[in-house]
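Just the heavy atoms: all of them, side chains too, but no hydrogens, waters or symmetry mates, feed the values below. Nothing fancy with the numbering, it's 1 onward along the sequence.
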Amino acid sequence: MNLNLFNITMILGSAQGILIAAILALSPQFRRSSNTFLSLLVLTISVQNISNSLIDIGFLQVEYWPLSWTLLVPFSLRYFIKCLIEPNYKLVKKDFFLLGPYTIQIAFKVAIFLRFLTAKSFVLSHAEAIKLVMISFEILALVWSLTIVIQSIKNLNNYEDKLVQNFSNLEGKSLKWLKNTLIATLVICCIWGLTFGYHIYVQELSNISYFNWISIALITYWLAYSIIARRNLFEAPNFQTATIEKKLPKKTDDYYDSILKLMTDESLYKVEKLSMDMLSQRLQLSNGYISQIINQKTGKNFFEFVNEYRVQEVIRKMQDKKFSHFSLLGLALDSGFTSKSTFNDVFKKITGLTPSAYQKQLK
């Protein structure tokens, strides 16, 4: 029997994962389609790690139990991301075809398990053939998972691009933390592939396998805890379909002057929740057209365009004695920013200095 600290940690962590999955699936606070798929993902990883741990401890016959659902991982990850950034997305028939590989996997495992219960000797005598099929499932799960992670990172990049084209503040909307998590997941998947290949070649587990199991579990639980923590903070916006003008009309310069007038004369940039929708309503122009105008005239997206005005407003107030009693954060909030982190990042990107360094330079 190979009972060690890693196995104990994995079993206890997996039990916690099953509890998290139940909370996400059953609690009214988390009743979103994206959370349903996240719950499925957490449950799948947790059960898989329990199975891995029991086999490593010495309960070898557990490998014939229908506990390994690896082909459910890429499916649940794909639709967790898709439903998170498209809250109104509804699964259609073609989406369920992606469950085909998992259906085959679980049907095979259930058949083997039932055969194991009724004719154990038959299963054991065909152990090598069964193992080959199971290895094939694992390879398919690995390749598919890598594909889904890469595709999801691209989808999140597109989502972030839409955000900066439509909003001046990204708090409660940005999913950069999730993109970074998926990049880490991509690395873990590559390690998974290497350790799996090693396991097949030498017919035994390496210590890296323990690291791999724990890493996959930690990333999955991190996703779940992050979603739980942000349940009242994050809400994906519904983007309007942008209308792109093949050739900008002659009135483009007049429209651009109108945009500048709203910024300079009415200080519209000070509106914390200023969005492309609001600007579109004021100008009676489409979002896509306004975005094209700003991009063509300034080379900036909407986020950069608005926040440059905010930075210049902060700099002006730094030099005005009437605002000498304001803190840097106070100046930022009074100029339209909604968070210290965004203010610091944008200010440094535009000026090359942190707000505090810039203020010291003025003195």
Side-chain angles (χ1 to χ4, degrees), residues 17 21 33-49 51-52 67-87 89-109 132-162 175-201 208-209 211-224 226-227 236:
S33 55
S34 59
N35 288 342
T36 300
F37 290 107
L38 178 58
S39 172
L40 192 58
L41 178 63
V42 173
L43 179 64
T44 302
I45 295 294
S46 299
V47 173
Q48 177 67 52
N49 280 335
S51 176
N52 290 340
L67 296 177
S68 180
W69 313 332
T70 47
L71 285 170
L72 197 55
V73 170
F75 175 84
S76 50
L77 177 61
R78 171 186 168 84
Y79 288 103
F80 160 61
I81 300 293
K82 189 166 187 65
C83 292
L84 187 65
I85 61 181
E86 298 179 40
Y89 183 80
K90 302 295 183 184
L91 268 68
V92 294
K93 287 183 179 180
K94 67 178 182 179
D95 293 320
F96 291 100
F97 282 114
L98 293 177
L99 278 173
Y102 165 70
T103 304
I104 295 171
Q105 181 187 37
I106 197 64
F108 176 79
K109 286 181 173 291
L132 185 61
V133 175
M134 290 184 175
I135 287 173
S136 300
F137 285 138
E138 290 295 318
I139 293 172
L140 177 58
L142 174 60
V143 173
W144 193 11
S145 294
L146 282 168
T147 303
I148 293 301
V149 170
I150 293 170
Q151 184 185 59
S152 296
I153 291 173
K154 289 181 179 178
N155 290 340
L156 287 172
N157 281 335
N158 291 335
Y159 171 81
E160 293 294 327
D161 287 343
K162 288 181 180 179
L175 287 171
K176 283 186 178 179
W177 65 271
L178 180 55
K179 176 187 168 183
N180 293 334
T181 302
L182 288 181
I183 291 172
T185 304
L186 188 61
V187 174
I188 296 300
C189 282
C190 292
I191 297 174
W192 173 18
L194 292 174
T195 54
F196 185 64
Y198 176 84
H199 173 49
I200 294 173
Y201 182 73
I208 301 177
S209 295
F211 164 78
N212 201 35
W213 296 348
I214 291 176
S215 298
I216 290 173
L218 286 177
I219 285 179
T220 306
Y221 301 157
W222 161 252
L223 277 179
S226 297
I227 291 297

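- Across all their heavy atoms, Leu84 and Ser34 have their closest contact at N-CB, 3.6 Å.
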Pair Leu72-Leu99, side-chain contact (heavy atoms from CB on, under 4.5 Å): steps then yes or no: CA-CA 7 Å; Leu72 197 55; Leu99 278 173; 3.8 Å; yes

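- Scanning both residues, Pro87 and Ser33, for their nearest heavy atoms gives O-OG, 4.3 Å.
- Nearest heavy-atom pair, Asp95 versus Phe75, reported as atom, atom and distance to 0.1 Å: O-CE1, 3.6 Å.
- The distance between the ring centers of Phe80 and Phe37 does not fall below 6.0 angstrom.
- Side-chain contact check for Lys82 and Asn155: no donor-acceptor pair (N or O, by modelled atom type) lies under 3.5 Å.
- Inspection of the Gln48 and Thr70 side chains reveals no N or O donor paired with an N or O acceptor under 3.5 Å.
- Here the rule is side chain to side chain contact (heavy atoms under 4.5 Å, CB included) with Val149, and of Ile153, Leu146, Thr147 only Ile153 fits it.
- Contact between Ser152 and Ile81 at its shortest, heavy atoms only, is OG-CG1, 3.8 Å.
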Steps toward side-chain contact (heavy atoms from CB on, under 4.5 Å) verdict (Ser46, Tyr221): CA-CA 9 Å; Ser46 299; Tyr221 301 157; 3.0 Å; yes

Working for side-chain contact (heavy atoms from CB on, under 4.5 Å), residues Trp69 and Tyr102: CA-CA 7 Å; Trp69 313 332; Tyr102 165 70; 3.7 Å; yes

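- Between Glu86 atom CD and Tyr79 atom OH the span is 11.0 Å, to the nearest 0.5 Å.
- In this structure, Val42 and Leu223 have side chains that are not in contact, with every pair of non-hydrogen atoms separated by 4.5 Å or more.
- When all heavy atoms of Leu98 and Trp144 are compared, the pair lying nearest together is O-CH2, 3.0 Å.
- No side-chain heavy atom of Met134 sits less than 4.5 Å from a side-chain heavy atom of Gln105.
- Expressed to the nearest 0.5 Å, how far CG of Leu38 lies from OG of Ser76 amounts to 8.5 Å.
- Taking the side chain as every heavy atom from C-beta outward, Ser145 and Leu77 never approach each other to under 4.5 Å.
- Closest approach of Ala21 and Ser39 over heavy atoms only: O-OG, 2.6 Å.
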CA sep, side-chain torsions, deciding dist, call: Leu41, Thr44, side-chain contact (heavy atoms from CB on, under 4.5 Å): CA-CA 5 Å; Leu41 178 63; Thr44 302; 5.6 Å; no

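- Donor-acceptor pairing under 3.5 Å is recorded for the side chains of Thr181 and Trp222.
- You'll find the side chain of Gln151 reaches within 4.5 Å of the side chain of Arg78, heavy atoms only.
- Take Asn180 and apply the side-chain contact (heavy atoms from CB on, under 4.5 Å) test, not counting sequence neighbours, and it matches Ile183.
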